[in-house]
Amino acid sequence: MDHFLYRDGVLHAEDVPVPEIAAAVGTPFYVYSTATLLRHFRLFDEALEGTDHLVCYAMKAASNQAILKTLAQAGAGMDVVSGGEYLRAKAAGVPGDRIVFSGVGKTAAEIRLALEGGIRQFNVESEPEMEVLNATALSMGVIAPITIRVNPDVDAKTHAKIATGKSENKFGIPISRALDVYAMAAGLPGLDVIGIDVHIGSQLTELEPYELAYQKVAELTEMLRAEGHDIRRLDLGGGLGIPYARDNQAPPLPSEYGALVKRTLGHLDCEIEIEPGRLIAGNAGLMVSEVIYVKSGEDRDFLIIDGAMNDLIRPAMYDAYHDIVPVVEPDAGIEQAKYDIVGPVCESGDTFAKARVMPPVASGELVAFRSAGAYGAVMSSEYNSRPLIPEVLVHEDQFEVIRARPTFDEMINRDTIPSWL
Ligand SMILES: *Cc1c(COP(=O)(O)O)cnc(C)c1O
């Protein structure tokens with residue numbers, strides 16, 4: 001459920017008509033709904049009710065500080081995957097003891113940043129990382145709390161580019177080697193080994209892969225405890241999928257996921273952490289774009305819009321589907337049109353949809369990409385020297401720009417010319 005609904009034939013973001021935002025900020029732009037962000041966060045929070053838990057929003061999905069602050073004020077922690085994300089979360093007011101640090105390639109500098117600013121735990125992904133973390137912590141006279149990310153070798157049944165829990169993926173240590181790696185960690189005086197971490201992939205549409213992974217985590221918890229490790233926190237990752245197409249079979253609900261967590265792991269008396277990203281931000285954002293031209297091709301019509309693959313790369317990168325709808329609802333009974341929907345970038349991959357059946361739209365009209373809140377703005381670039389598009393946050397009947405569109409000058413003046421030219 002989201003808060004982007006038609007009222008009197010016009011798409012609204014909560015109580016704000018989308019054309020009003022377009023008139024104020026120009027197109028294309030991203031717009032997020034506060035109510036939707038909060039609703040999705042609370043669904044997870046409620047799903048784990050009765051357990052000691054923390055929902056750590058995976059901020060790589062949408063990392064604008066206004067979004068982070070909205071969620072943090074509701075009680076969310078953050079899952080960060082870089083020093084930049086760590087500092088961004090801190091800048092948004094998230095306390096260090098609610099930030100977990102994930103990722104396979106944390107540098108010593110990033111580790112130092114987090115140890116200085118405070119951290120809930122590092123999710124360690126390899127032995128060499130463990131050694132660097134240990135040495136860095138000791139050099140600073142502190143002890144780093146860690147979980148170790150295990151790779152359970154489970155097929156997440158999602159797009160190959162976002163599957164992370166099979167043995168061929170770069171993530172985590174093979175669960176078969178876990179006992180040795182935990183023994184090694186226990187011998188490093190700069191580390192406090194507090195738990196286990198697992199994250200098997202993104203856009204999961206079934207619960208079965210979670211069930212298999214979490215059963216393995218439960219077994220591992222018992223084995224590690226038998227060896228004397230004080231396992232008291234389980235970080236279960238994120239990955240629950242969202243319905244991108246309206247006709248999609250809806251993925252499992254957070255409540256069903258929460259029930260699974262309790263069923264598979266509840267008896268262990270561990271603190272539970274989860275790291276949802278997409279399900280919190282995905283349906284909380286639209287990308288809004290204007291039709292530049294409608295062009296007749298040989299056997300198809302092209303809808304050429306002012307948004308492009310540099311603004312929303314998911315279709316080009318993951319063959320992702322987004323619902324694309326007219327912002328002003330067509331008259332009832334109007335015949336549907338069929339378009340290839342493309343942007344202005346000079347690549348054939350700059351295609352959002354092929355042979356998409358939708359109501360006819362004309363040059364100058366607005367279209368909205370639904371479910372664009374996650375892995376949208378954060379993955380955008382200035383390819384083709386197209387300035388990053390603005391982000392807007394709506395709260396009831398108010399809206400504000402939360403990241404402005406840079407001017408052409410700002411974009412161009414970031415280059416510097418070397419002295420010999
Ligand atoms: C990307 C990622 C997440 C979030 O995944 P979603 O599919 O957006 O929920 C959580 N944890 C880790 C370690 C990640 O890399």
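Both counts, for ligands and for their atoms, begin at 1 and track the order of listing. Given the structure is predicted, the values throughout are model-derived calculations rather than measurements.
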What atoms in ligand 1 come closer than 4.0 Å to a heavy atom of G238?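 This gives 9 (O), 10 (C) as the contact atoms.
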
Considering the heavy atoms of G239, write down every atom of ligand 1 situated less than 4.0 Å from one of them.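 Those qualifying, in numeric order: 5 (O), 6 (P), 7 (O), 9 (O).
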
[X] versus ligand 1: do any nitrogen or oxygen atoms come within less than 3.5 Å of each other?
X: L279; value: no
X: E275; value: yes
X: S202; value: yes

Part of R149 with heavy atoms under 4.0 Å of ligand 1, whether side chain, backbone, both or neither: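 For R149, only side-chain atoms sit under 4.0 Å from ligand 1.
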
Residue part near ligand 1, for R278, under 4.0 Å between non-hydrogen atoms: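 Answer for R278: both.
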
Nearest non-hydrogen protein atom, atom 2 (C) of ligand 1: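 Nearest protein contact, heavy atoms only, for atom 2 (C) of ligand 1 is K60 NZ, 2.2 Å.
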
Identify, for atom 8 (O) of ligand 1, the protein heavy atom at the shortest distance, and state residue, atom and that distance.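 Answer for atom 8 (O) of ligand 1: Y375 OH, 2.5 Å.
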
Carboxylate-amine/guanidinium proximity below 4.0 Å for [X] and [Y]:
X: E129; Y: K106; value: yes
X: R7; Y: D15; value: yes
X: E211; Y: R263; value: yes
X: R120; Y: D97; value: no

Atom NZ of K262: over 12 foreign heavy atoms under 6.0 Å: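 Counting neighbours around NZ of K262, more than 12 heavy atoms of other residues, nucleotides or ligands fall under 6.0 Å, so yes.
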
Please say whether more than 12 non-hydrogen atoms of neighbouring residues, nucleotides or ligands are located less than 6.0 Å from CD in E256.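 Count over threshold, so yes.
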
